Amino acid sequence: MLLYWLGKVPELPEVETIKTELLPWITGQRFTRLTLLDRKLLRWPSAEELQQIVGQRVESLERRGKYLIFHLSSGRSLIMHLRMTGALLLNPEGINRYARAVFHFSNGAHLVFSDRRRLGVIWMVEDAGVIIGKLGIEPLASSFTPGILAKLLKEHRIPLKAALIDQNIIAGIGNMYADEILFAARIHPLRMTDTLSVEEVQRLYHSIRNVLSSAINSKGASVDTYIRPEGQLGRAQFDFRVAHRRSQPCPVCQTPVQRIVVRNRGTYFCPGCQPYN
DNA sequence: CTTGGGACCTGGCTGC
DNA sequence: TGCAGCCAGGTCCCAA
């Protein structure tokens, strides 16, 4: 079972889907063996200390932003971040060339952390807050309201695109979903955070919720639990409408999707649906 | 406070 | 065909 695909960068919906898929296999199981194939994967502690994970039970799994957290019976937390190209494979048949760590469980399952670009990282810490403590609000939590969003936007004076991908403001939105959210909200990515009307904040709020939750309902953009022999993706994919679709007609107004660079990030939008004013 | 750049990485693409 | 160089974009960190 492939819990993430190499083609797209995992954001909130993908990590949420991974958590959901892993849940029934991993919770309540003990780690029986850990093979660390690439020491660069591990941020903390030492490889030797990480071996203390053997014998510990997974009490629960949590997603926070783009982080996946294994709460352990010792009270510690194993935290994973897939970054750009990380993938988790549950019970793969062989071992692929990008495998960086293999976790074995007491029910016989094994989980492979695979990562083409080697940017992904894991930690095992006493206090997860050290790693995830600065993250902003969870956009799908009930505590996230239009009023909270309005307040967060007023606190900054930056392009909206930059605000959406800032993990310390809202946690979990990356480059691609930010573009989809702004398209759904019909707001230009360069609009400044402190200039939105009340109605625009409302649209933005509902777009954040709708885009992320419908992506989760589609099991993320790239998570595929049923790899076919040819390696194709299944059908459970979120349908991107502007992200990475330069020059293709906008699905709403047929205007060609435009690409600009915001904060060194490729940014796609429809000039027809998302005018600056 | 904000912006910009580099670092970390490697595969895929472009252009010569 | 081969190869150099750029691009992808999550996070951290430093400088202005």
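Note that the structure is predicted; figures quoted are calculated from it, not measured. In what follows, chains are A, B, ... by sequence order, proteins preceding strands, each numbered from 1.
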State which of B:dG11, B:dG4, C:dT11 makes the closest approach to the side chain of A:Arg83. C:dT11

Separation of B:dT2 P from A:Lys161 NZ (nearest whole Å): 18 Å

Whole angstrom is fine here: how far is it from CG in A:Asn96 over to P in B:dT10? 15 Å

Please tell me whether A:Arg209 and A:Tyr205 have a donor and an acceptor in their side chains that are separated by less than 3.5 angstrom. yes

If I take atom CE in residue A:Met84 and atom P in nucleotide C:dG10, what distance separates them, rounded to the nearest angstrom? 6 Å

Ring centers of A:Tyr268, A:Phe240 separated by less than 6.0 Å: no

Rounding to an integer number of Å, can you tell me how far A:Arg263 CZ sits from C:dC12 P? 16 Å

Less than 3.5 Å between a donor and an acceptor, one on the side chain of A:Arg117 and one on the base of C:dA8, is that the case here? yes

The side chain of A:Arg118 lies closest to which of these nucleotides: B:dT3, B:dT10, C:dG9? B:dT10

May I ask you to verify if any side-chain N or O of A:Gln167 is less than 4.0 angstrom from the OP1 or OP2 atom of C:dT11? yes

For nucleotides C:dG9 and B:dT14, find the distance between their P atoms and express it as a whole number of Å. 16 Å

Considering only side-chain heavy atoms of A:Arg97, which listed nucleotide, B:dG11, C:dT11, C:dG9, is closest? B:dG11

Over all strands shown, is A:Gly120 touching base, sugar-phosphate only, or nothing at heavy-atom distances under 4.0 angstrom? nothing

I want to confirm an ordering. Mapping A:Glu155 and A:Asn264 to their closest nucleotides on DNA chain B, which one lands closer to the 5' end? A:Glu155

Have a look at A:Arg43 and say if it touches a base, only the backbone sugar-phosphate, or nothing, with a 4.0 Å heavy-atom cut-off. nothing

Donor-acceptor under 3.5 Å (A:Glu11 side chain, A:Met176 main chain): yes

Between A:Asp115 (CG) and C:dT11 (C1'), how many Å, whole number? 13 Å

Which nucleotide in the set C:dA8, B:dT3, B:dT10 lies at the smallest distance from any side-chain heavy atom of A:Arg259? C:dA8

Nearest to the side chain of A:Ile158, heavy atoms from C-beta on, is which of C:dT11, B:dT2, B:dG11? B:dT2

Does the distance from a Lys or Arg side-chain N to an Asp or Glu carboxylate O, for A:Arg57 and A:Glu59, drop under 4.0 Å? yes

Mind calculating the distance between CG (A:Asn168) and P (C:dC13) to the nearest angstrom? 12 Å

With a 4.0 Å cut-off, would you call A:Lys66 and A:Glu14 a salt bridge? no

For C:dT11, does either OP1 or OP2 sit under 4.0 Å from a side-chain N or O belonging to A:Lys66? yes

Measure up the A:Phe70 and A:Phe31 rings against each other and bin them: parallel (under 30°), tilted (30 to 60°), perpendicular (over 60°). tilted

Applying a 3.5 Å limit to both distances, which nucleotide forms a Watson-Crick or G-U wobble pair with B:dG15? C:dC3

Counting side-chain heavy atoms from C-beta on, which of C:dT11, B:dT2, B:dG11 comes nearest to A:His156? B:dT2

Answer yes or no: does a side-chain N or O of A:Tyr98 lie under 4.0 Å from OP1 or OP2 of B:dG11? yes

Could you tell me how far apart A:Arg265 (CZ) and B:dG5 (P) are, to the nearest whole angstrom? 13 Å

A:Leu82 atom CG is separated from C:dA8 atom C1', nearest whole Å, by 17 Å

